[in-house]
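Working notes, structure below.
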Amino acid sequence: MASNPYLQHLEPGENGSSSNVNPYTGKQFSARYFKILETRKTLPVYERRDELVKMTEENKVVVLVGETGSGKTTQVPQFLVDAGYAKDGMMVACTQPRRVAAMSVAKRVAEEMDVVLGQQVGYTIRFEDKTSQSTMLKYCTDGMLLREAMHDPELLRYRCIVLDEAHERTLATDLLMGLLKGVITTRKSPINMVVMSATLDAEKFVKYFENAPLLQVPGRMFPVGIFYLPEPAKDYFEHAISTAVHIHQNEEPGDVLCFLTGEEEIEEGVRRVTEEMVGTEKTLGPLKVLPLYASLPPDRQQRVFDPAPSSDIPGVSGRKIIFSTNIAETSLTIDGVVYVIDSGFSKQKTYNPRVRSEALQVTPISRASAKQRTGRAGRTRPGKCFRLYTEKAFKNDLIETSFPEIQRSNICNLVLQMKTLGIENLVYFDFMDPPAPETMMRALEQLHYLGALSDEGELSDLGYKMAEFPLEPELSKMLISAPNFGCSNEAVSIAAMLSAAGNVFLRPSGRQEEADEAKAKFQHPDGDHGTLLNVYHSYKQHNEDQNWCFENYLNGRALRSADNVRSQLERIMVKLDLDLVSVDYSDPNHFHYIARTIVSGYFMQAAYADRAAYLTVKDNQLVQIHPSSVLMSKKPKCLIFNEFVLTSKNYVRTLTNVRVEWLLDIAPHYYNPADMPKDSKIQLELERLIRQRESRKRARE
DNA sequence: GAGCACTGC
């Protein structure tokens, strides 16, 4: 590597050889290759390519900081391939937090390198592996590389690993950083890393990687003027509306992007601005006001990319105003935006380890997010950003960067993955920001109860199997025990339905009654898991007909995704030698087998009726049945819940009616009456059951 | 009698 004359093929004749030939394919370069090469050369990162390669030769880790438009994602991995980091069957990998990014960047880079996608350049994401024997450069999701590491902790197939968008601090990227920090010091064969981030956290990354050299690449951005409120806003939503209206009335042509927190607020914003601007088309020009959020169907999302409406009145031009969630901050980029309105808020997930509950809360954003939002106004020409808070608040009240995901999540699965990676001492693992100690203890405790960890904290055979599934540990445990209850086919379907993207049941406003009636047709007397199973079976009986979904108020996309997940789970079951068997539907008690299978994974998430509400076992939290549950009117004595959500009340959602006997039979180690809250109904019930069983046993003897 | 920021395996 040391004597390598870098980048031998980029210019025809540059290194004296006949380099009209692509060294990776042996074919003549196409005309398009040279055309794209010209545009590549204009990217800011292109000038720094020799410097980057030199730094990489001299250091195991390089931190590269580059703003949007620097070209780092497409160019840096290519520079490394050209510098010889993908020789002898070894690869360069570049991770992305999102699937679409991995796919679209790989496609672009394959064009730039004049190769067929899936050959020398490819990508790997869940459900799709577009790589081959000849792949030298692979784009993948961070979660996918982590999966690979679980079977090959030293990532021996890779000569160099590029972690892109590291500033987003996803769970997977955080774990990969910690893992690779160790691997680069212990692996016998050479390995290099490039950690790429947006400007803000540069110093933090440099410090974490023991003073790794830093390469800073300017972005290509136009200046954006920032305007603050003179006084704090009493109501950011009202300010957002009036600012949008003000821009349309007074500012030069250019589209508007307004950041709000959620669907309801966004739809309300769209309504309000549309109403207020009725009849102004002739004077102010045609206006299109559009919503943007993740749960919007793709065709409606796509509309934000349509050009602004055109105007045939001279001197007047059209404009579009987009009200969006955070999705436009990272995942989607809309060109043509000149004005940004920043409410200063977003919805963020918080996790409370004490009661194991998750909640979404409207939270002030960080300065890093504010800068990112502002940047969205300067992509095509100089822009303006209206921040709906004061300059003082920006400087003094906003935190520098948001808390990373690892400090806001249940890390049960992460801990299981760490164990599979062979990480011994979890508490001292070198995370850039460690999770809260209580969250870590909760995760270890939970995995121990599930049987994934031994008393000594070592990963059990069951734990290894659980880690194979792309599911939360409770669900993996449920699938692994399912063959013992004779219903693994049903369990796989339920698991797939639970982990499908998006809500299965649609409830469009104005047609809620019809939607509820449609749902009632699938209702299972024992609860929501059974109802989901009924829906899945019906969906398959109707040959996955999307019209049938629509008529029955079911989310066709979610069902398709569930079916996809189901096939993946089935493959893993086969791989792990777990039998795929179905219950005998002629047995009137057939659902009991399924319910007991659910208990085998979710025994820690049980609630027992107490006066008007329910108390969770052990944690003794007061909860209520979510009104969407089919058990809402039935109110069983004891139930298993899939999730605990904090909204207007403490709700448990997606429920199944179970018997206390099953809890005692399936999880006796958890249902020791002595561990239950003193004199609670569940404790008394457990004691009664145990006494009853003992006296029966004595009677038999 | 109600709520859905955003990802990922």
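Below, chains carry the letters A, B, ... as their sequence lines are ordered, and counting in each starts from 1.
Within the model, atoms CZ of R98(A) and CG of D142(A) stand 9.0 Å from one another, a figure rounded to the nearest 0.5 Å. Once rounded to the nearest 0.5 Å, the distance linking NE2 of H167(A) with CD of Q372(A) reads 5.5 Å.
Sequence order on DNA chain B of the closest nucleotides to I125(A) and R653(A) puts R653(A) first from the 5' end.
Remark: side-chain polar atoms of T439(A) are not paired, donor with acceptor, to backbone N or O of P435(A) under 3.5 angstrom. Side-chain atoms of K634(A) come within 3.5 Å of backbone atoms of P525(A) as a donor-acceptor pair (strictly under, hydrogens ignored). For the pair N413(A) (side chain) and L471(A) (backbone), a donor-acceptor distance under 3.5 Å is present.
In the set dA2(B), dA5(B), dT7(B), the nucleotide with an atom closest to the side chain of E405(A) is dT7(B). Distance from the side chain of P627(A) is smallest for dG1(B) among the nucleotides dG8(B), dG1(B), dC6(B). Picking from dC9(B), dC6(B), dA5(B) the nucleotide with the shortest atom distance to the side chain of K349(A) gives dA5(B). Comparing dC9(B), dC6(B), dG1(B) by their closest approach to the side chain of P470(A) singles out dC9(B). Listed nucleotides dA2(B), dT7(B), dG3(B) differ in distance to S628(A); the shortest reach to its side chain belongs to dA2(B). When distances run from any side-chain atom of I327(A) to the nucleotides dC4(B), dC6(B), dC9(B), the shortest one goes to dC6(B). For A294(A), counting side-chain heavy atoms from C-beta on, the closest listed nucleotide (dC6(B), dA2(B), dC9(B)) is dC6(B).
Taking 90° from 0 as the syn/anti boundary, the base of dC4(B) is oriented syn.
Residue S648(A) is in sugar-phosphate contact alone, with no base atom involved, counting any heavy-atom pair closer than 4.0 Å across all strands shown. If you check every strand for non-hydrogen atoms under 4.0 Å, T325(A) touches sugar and phosphate atoms only. Note on T647(A): only backbone sugar-phosphate atoms sit closer than 4.0 angstrom, heavy atoms only; bases stay farther off. Here R126(A) lies in heavy-atom contact (under 4.0 Å) with a base.
Atom C1' of nucleotide dA2(B) and atom NZ of K519(A) are separated by 11 Å, given to the nearest angstrom. Protein atom NZ of K575(A) is 15 Å distant from nucleotide atom P of dC9(B), rounded to whole Å. Here the P atom of nucleotide dT7(B) and the CG atom of L360(A) are 13 Å apart, to the nearest Å. dT7(B) atom C1' lies 16 Å from atom CG of L471(A), rounded to whole Å. The separation between Q512(A) atom CD and dC4(B) atom C1' is 13 Å, rounded to whole Å. With rounding to whole Å, L498(A) atom CG is found 19 Å from dC9(B) atom P. Atom C1' of nucleotide dC6(B) and atom CD of Q348(A) are separated by 10 Å, given to the nearest angstrom. Regarding F403(A), its CZ atom lies at a distance of 20 Å from the C1' atom of dT7(B), rounded to whole Å.
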Please lay out, stage by stage, how Q348(A) and S346(A) fare under the test side-chain contact (heavy atoms from CB on, under 4.5 Å). CA-CA 6 Å; Q348(A) 286 187 19; S346(A) 71; 3.6 Å; yes
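The side chain of R408(A) contributes no N or O atom lying less than 4.0 Å from OP1 or OP2 of dA5(B).
Side-chain to base pairing of R507(A) with dG3(B): one donor and one acceptor N or O lie within less than 3.5 Å of each other.
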